[in-house]
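Down below is the structure, laid out as structure tokens.
Whatever order the structure lists them in is the order used to number ligands and atoms, beginning at 1.
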Amino acid sequence: MIRPNGVAARTLKSSCRSLSTSCRSALARPESSIAAQKQTRSLHSANSWASAAAAAFKRTYTQPEPSTSADNAPPARDHGLPVSRIDERKVVVGFETGEWAKYHHMWLRDHCRCPECFHPVTKQRLLNTFDIPPDIKPVKVESTAEGLEVHWPSSVSHTSLYPWDWLRQHSYDPPLQTHDSSSDHSHILWGSKIQQAPPTVSYEEVMSPDERGLYKWLTNVDKFGFSFVSGVPATTEATEELSTRIGFIRETHYGKFWDFTADLTRGDTAYTNMALGAHTDNTYFTDPCGLQLFHLLEHSEGTGGATLLVDGFYVASILQELYPAAYATLARIGVPAHAAGEPGTLYTPFPTTAYPVLREHGGALVQVRWNNDDRSTMHHLSAAEMGEWYDAARLWHKLLTSADSEYWVQLAPGTAVVVNNHRVLHGRSAFTGRRRMCGAYIGGDEYRSRLAVLTEKFAGQDPAAHPAAVLPPKERSVWSPLL
Ligand SMILES: C[N+](C)(C)CCCC[C@H](N)C(=O)O
Ligand SMILES: O=C(O)CCC(=O)C(=O)O
């Protein structure tokens, strides 16, 4: 579930209630669109992934402010540090905030990150977890300014030190803060009104050696699910270089960097002049590509060929508000897909029916997977589920194709667009004349890795700031919040 925070949720609920009336009437009267209910909702979930990581990086280097309110003042202590004690199977820590958390002795020993237990360069565990006696128990714990110092028994004589912030961040009994990036991304959901101010960075910014522009570009993608890049030289070379700025290109049966037109050189309708409805690519792959970059290099002697972008997370949030049962159906029932347009390839995901249109993780929507043209035969459902799925898909399609959801933009040479293929759907209108499009796929892991490294570098900085000098790379700590 997209979990908007308080106010935003009420805004969304009230607007969805008004929307639901008009939506229901619109659904009842298909001729009317819900454009009249055009609204752009901007939902700031509690923490953006980037700013959460940035905040975590900041905290790693500073102690959290002790709480001041009298009623939950931390237990009296003479040195202003968290308190700690050894219980039968766990160490108990009382933080300055007044919060308490417990850590299994086994867990603490397993997570020692001294150079003997955890390689300081490769950040890999050196300790053999299963050499740790299952009943291991510290002989002493000490609260120090650097963190919790744990002295293990002479039989395994070893001393470990755990920074307080790291302990708090990785607390699990109870969890004192969420840290699952898949559920605390900052998603600014958008509808057709995004056309008023679409996220854009300049090619010059993105290519700048200080990487601030690259960070801004990828932070846009993290928040909006897409971003334009303006001022791109209208060449395949410049577009390929722009693509690899994010990470290496993901090669597929369509090749590496693509430069395509309506000549059916590949067995796919993208290589025709037909209209393509809003879809995500690669539903026939077990792991669809993460990003997709497009740059229109030419369109002459013809019309049409406009680009369609739809925020699948925005549409899913409305579906969930208005038709929770349909949302649940699309989040539960897997959909088979294939790419079989060429004699030499026949792609289907594995397992073939394992991937639903809406994939949740930890109660949060993490992926939209929708390409109705590439969907294979629905043969795996009961009769009741078959009707249920089609009813749900019809509601999904209705919201997906509403004027409120669709953002149409006419690309032109010089402006590239990158979309998060796990969230934003794309399509195009039919066209005539000669139209040449180039671009590339980038793996989702490559995109997230690049963003994570840039977040380490610029944590808490304003990417728009113009530094006097390029920031030196920060030494990655073994206590990095992302390890
Ligand atoms: C992007 N490129 C033109 C190379 C190929 C497009 C493939 C489109 C395919 N039907 C899918 O949805 O994945
Ligand atoms: O030609 C376009 O504008 C988009 C084609 C498309 O949807 C794709 O390549 O996935």
TODO: Mark yes or no: Arg369 above the aromatic ring of Tyr355, with NZ or CZ under 6.0 Å from the six-membered ring centre and no more than 45 degrees from the axis.
DONE: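 Judged by the rule, Arg369 and Tyr355 form a cation-pi pair.
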Open item on the list: Tell me whether Arg250 forms a cation-pi arrangement with Tyr441, defined as NZ or CZ under 6.0 Å from the six-membered ring centre and within 45 degrees of its axis.
Closed with: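 The answer is no; the distance or angle limit is not met.
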TODO: Please say whether more than 12 non-hydrogen atoms of neighbouring residues, nucleotides or ligands are located less than 6.0 Å from CE in Met274.
DONE: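 Result for CE/Met274: open.
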- [ ] Would you indicate whether Tyr172, at its atom OH, is surrounded by more than 12 heavy atoms from other residues, nucleotides or ligands within a distance under 6.0 Å?
- [x]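 Atom OH in Tyr172 is packed in, count exceeds 12.
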- [ ] Please work out whether the ring planes of Trp258 and Phe260 are parallel, tilted or perpendicular, with thresholds of 30° and 60°.
- [x] perpendicular
TODO: Classify the ring geometry between Phe431 and His299 as parallel (under 30°), tilted (30 to 60°) or perpendicular (over 60°).
DONE: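 Phe431 vs His299 ring planes: perpendicular.
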Open item on the list: At less than 4.0 angstrom from any atom of ligand 1, which residues have a non-hydrogen atom? List them by chain and residue number.
Closed with: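 Its neighbours under 4.0 Å (heavy atoms only) are Tyr254, Trp258, Phe260, Asp268, Ala270, Tyr271, His279, Thr280, Asp281, Asn282, Tyr284, Gln292, Asn371, Asp374, Tyr441, given by chain and number.
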Show which atoms of ligand 2 fall inside a sub-4.0 Å distance from at least one heavy-atom site of [X].
| X | value |
| --- | --- |
| Arg428 | 1 (O), 2 (C), 3 (O), 5 (C) |
| Leu276 | 5 (C), 6 (C), 7 (O) |
| His279 | 7 (O), 10 (O) |
| His426 | 6 (C), 7 (O), 8 (C), 10 (O) |

- [ ] Only heavy atoms count here, so choose which of Phe294, Phe431, Tyr441 is nearest to atom 4 (C) of ligand 2.
- [x] Phe294
Task: Option passing side chain to side chain donor-acceptor pair (under 3.5 Å) with Tyr327 (candidates Glu321, Arg332, Glu360) - done: Glu360
TODO: Provide the closest heavy-atom pair for Ala393 versus Leu330 in the form atom of the first, atom of the second, distance.
DONE: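 The answer is N-CD2, 4.0 Å.
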- [ ] For a side chain to side chain contact (heavy atoms under 4.5 Å, CB included) with Val310, tell me which candidate from Val424, Val315, Leu399 qualifies.
- [x] Val315
Open item on the list: Does ligand 2 come near enough to Arg435 that some N or O of the ligand is less than 3.5 Å from an N or O of the residue?
Closed with: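 Yes.
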